[in-house]
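Hydrogens, waters and symmetry mates play no part in the numbers below; they use all other heavy atoms, side chains included.
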Amino acid sequence: LKQVDQKYFKNEISFWNDLEAHPNYDAFWQARNITPHLKNIQASVLTVGGWYDTEDLYGPLATYAAIEKQNPGIQNGLVMGPWYHGQWAGDDGSKLGQAEFGFPTSLWYQQNVLLPFFEHYLRGAGNGYMPEMTAFETGANRWRQFAKWPPANSVARSYYFGQGGLLTTDATQAGQGSDSYPSDPRKPVPYTMEITNNWARDYVTEDQRFASWRPDVLVYRSDVLTESLTLAGPIPVELWVASTQTDADWVVKIIDEYPGVVGSAGRNRDAKENLNSGRQELVRAGVMRGRFRESFTKPVPMVAGEATKINFELSDIFHTFEPGHRIMIQVQSSWFPFIDRNPQKYVENIFMAKDEDFQAKRRVSSWRRMSVGWISSRQMWRGIPHRSMHGWSGHTRFWTTRWRLFQGANQSGSPEPKMATTGFPSAAARWAGNESWQRSASHPANAETSEGRSGALMVALASRRQVSLAIA
């Protein structure tokens, strides 16, 4: 990064200069945070975002939540589709990369949400009813509508890192010990296999087998699912880590692993089924830079060799894992060039890191037994104010950790898949608090399910295994 301005920008890009001068969340960035100023709004609002918006997934969720909290009583809706940034207006939304959604999701949104919204609030047509949340459920490939987000009537579930790469809900199977991996900033894990000098937009649904084969990526897999599991909401992550250096990045990826097709079983099958055999489709990923584990405003170095708790949150998801699939989690310490390389030696400003700061030897260290990390917290709700829209079929994925399960019925009376959420208050819940959900539940259309109110209780769950990073 230190050489970017000298080689390419020649001091002509003032915004890059600002980035260099303000690497932390200081007053410069705090003054540019728009959410505290979304007040005194009188108009009806519809915020639209995409689950695969790698440019700004946080924005629509936080904007909706801020408006909900700071403008009680107004019509405030949120739509989240299976889209990249602006895809709802850019193409028909029937696919993204290798993920196919079964029908033109952008057209459905335009005809069934956007047009009725404008028809009512600009022309006075229709009754103006709009749910709090209209969300596309990837994996099941259907639109759903909710009076609360995450959905009500769900049961929290925690997952642990176990021995032998097992991802399990049984804490007793997690055992004691540690898993170690090397990390070399000169040989970073790529974020995509696409060869391009531009933005690899489709990486958000890309097959992750290219990463799972690497020695600097830890892989944990659940048992094969025997029934559908739907995950909804944000994903709080708790890792206990130790590093041989004073800084490191911690990247966590949630992946939908497809069942494999072996030998003659692949004959006479649809070519697409064989193409997806064993596919590890990315559902969500996020990163925490170790220096910011306590504060984005005041970074601090890690202490080499010392067990350290890393907490952060992956953005909301809404995804169904089909029977025969597995839930996979990958942990790594680079994701280049989507995330700039961490020199893994603490420096005050990474933009100013020298070339020699990135030099490292590969060395794996063993660590004593200590508890370790994967997440959670929970939120309890009553009622199940949702609607289902059917008639479309297809395939894709979505998820969460520390989930919430629910068993209900859709409008046609057929069973719904079990649903799980992280059980962690979403950005919306944290912003809006209980009152906003009470307001939305008071709508006549939701009266039959409005008896409950949310209450958040955070429960941290450590897996019995340590994720250790070894860097020399």
Side-chain angles (χ1 to χ4, degrees), residues 1-4 7 23 161 165 177-197 200 203 206-220 237 239-255 280 282 285-293 299-310 312 328-368 370 372-373 465-472:
L1 292 180
K2 184 179 180 180
Q3 302 175 21
V4 169
K7 285 187 174 182
F161 294 158
S178 65
D179 294 319
S180 299
Y181 63 100
S183 179
D184 186 345
R186 297 191 179 276
K187 297 180 180 179
V189 181
Y191 81 103
T192 180
M193 283 295 288
E194 182 178 339
I195 306 301
T196 177
N197 60 359
Y203 88 91
E206 189 171 350
D207 190 338
Q208 297 298 300
R209 279 177 286 193
F210 73 89
S212 65
W213 297 332
R214 293 177 57 110
D216 49 0
V217 177
L218 293 180
V219 178
Y220 300 91
V237 177
L239 298 173
W240 278 95
V241 302
S243 170
T244 57
Q245 270 287 6
T246 52
D247 198 8
D249 290 349
W250 308 96
V251 180
V252 174
K253 300 188 292 189
I254 310 298
I255 293 162
Q280 298 172 7
L282 183 63
V287 58
M288 171 56 72
R289 183 147 283 177
R291 63 175 55 228
F292 294 125
R293 66 192 182 279
V300 293
M302 300 180 68
V303 179
E306 181 176 296
T308 304
K309 184 166 69 172
I310 304 291
F312 64 103
M328 175 182 285
I329 295 176
Q330 293 182 3
V331 181
Q332 59 200 57
S333 286
S334 53
W335 206 21
F336 185 77
F338 182 67
I339 300 297
D340 64 298
R341 295 179 305 147
N342 190 326
Q344 302 180 150
K345 171 186 176 182
Y346 184 85
V347 293
E348 289 297 326
N349 186 342
I350 288 183
F351 283 91
M352 299 295 108
K354 301 175 183 178
D355 188 61
E356 54 265 30
D357 293 328
F358 290 84
Q359 294 180 357
K361 297 178 182 178
R362 289 175 52 126
R363 177 164 59 84
V364 177
S365 300
S366 61
W367 302 96
R368 298 168 301 175
M370 51 189 76
V372 72
R465 296 184 60 75
Q466 175 192 350
V467 179
S468 296
L469 171 66
I471 308 165

Given 3.5 Å as the limit, does a donor-acceptor pair link the side chain of [X] with the main chain of [Y], or not?
{"X": "Ser243", "Y": "Val241", "value": "no"}
{"X": "Asp207", "Y": "Gln280", "value": "yes"}
{"X": "Ser333", "Y": "Asp249", "value": "yes"}
{"X": "Arg293", "Y": "Gly290", "value": "yes"}
{"X": "Gln332", "Y": "Ser334", "value": "yes"}

Output the distance between atom [atom1] ([X]) and atom [atom2] ([Y]), rounded to the nearest 0.5 Å.
{"X": "Ser183", "Y": "Trp250", "atom1": "OG", "atom2": "CH2", "result": "8.5 Å"}
{"X": "Ile255", "Y": "Gln208", "atom1": "CD1", "atom2": "CD", "result": "5.0 Å"}
{"X": "Lys309", "Y": "Leu239", "atom1": "NZ", "atom2": "CG", "result": "11.0 Å"}
{"X": "Trp335", "Y": "Thr192", "atom1": "CH2", "atom2": "OG1", "result": "10.5 Å"}
{"X": "Gln344", "Y": "Thr246", "atom1": "CD", "atom2": "OG1", "result": "9.5 Å"}

Ring geometry between Tyr220 and Phe161 (parallel below 30°, tilted from 30 to 60°, perpendicular above 60°): parallel
Determine, stepwise, if the pair Val251 / Ile339 fulfils side chain to side chain contact (heavy atoms under 4.5 Å, CB included). CA-CA 10 Å; Val251 180; Ile339 300 297; 5.7 Å; no
Under 4.5 Å between any side-chain heavy atoms of [X] and [Y], yes or no?
{"X": "Pro343", "Y": "Ile350", "result": "yes"}
{"X": "Lys345", "Y": "Pro185", "result": "no"}
{"X": "Asp340", "Y": "Phe351", "result": "no"}
{"X": "Pro215", "Y": "Tyr181", "result": "no"}
{"X": "Leu282", "Y": "Glu206", "result": "no"}

CE/Met193: more than 12 non-hydrogen atoms of other groups inside 6.0 Å: no
Test side chain to side chain contact (heavy atoms under 4.5 Å, CB included) applied to Pro299 - qualifying residues, sequence neighbours left out: Asn24, Arg291, Phe292, Tyr346
Run the salt-bridge test on Asp184 and Arg186 with the 4.0 Å N-O cut-off and return the result as yes or no. no
I would like to know whether Ile329 and Val252 meet side chain to side chain contact (heavy atoms under 4.5 Å, CB included); could you show each step before the answer? CA-CA 7 Å; Ile329 295 176; Val252 174; 4.0 Å; yes
Chi angles and distances behind the side chain to side chain contact (heavy atoms under 4.5 Å, CB included) call for Arg289, Asn342: CA-CA 8 Å; Arg289 183 147 283 177; Asn342 190 326; 3.5 Å; yes
Grab the two heavy atoms, one from Ala353 and one from Phe358, that are nearest each other, plus how far apart they are. CB-CE1, 3.7 Å
Can you name the nearest heavy-atom pair linking Arg214 to Pro188, along with the distance? NH2-O, 3.5 Å
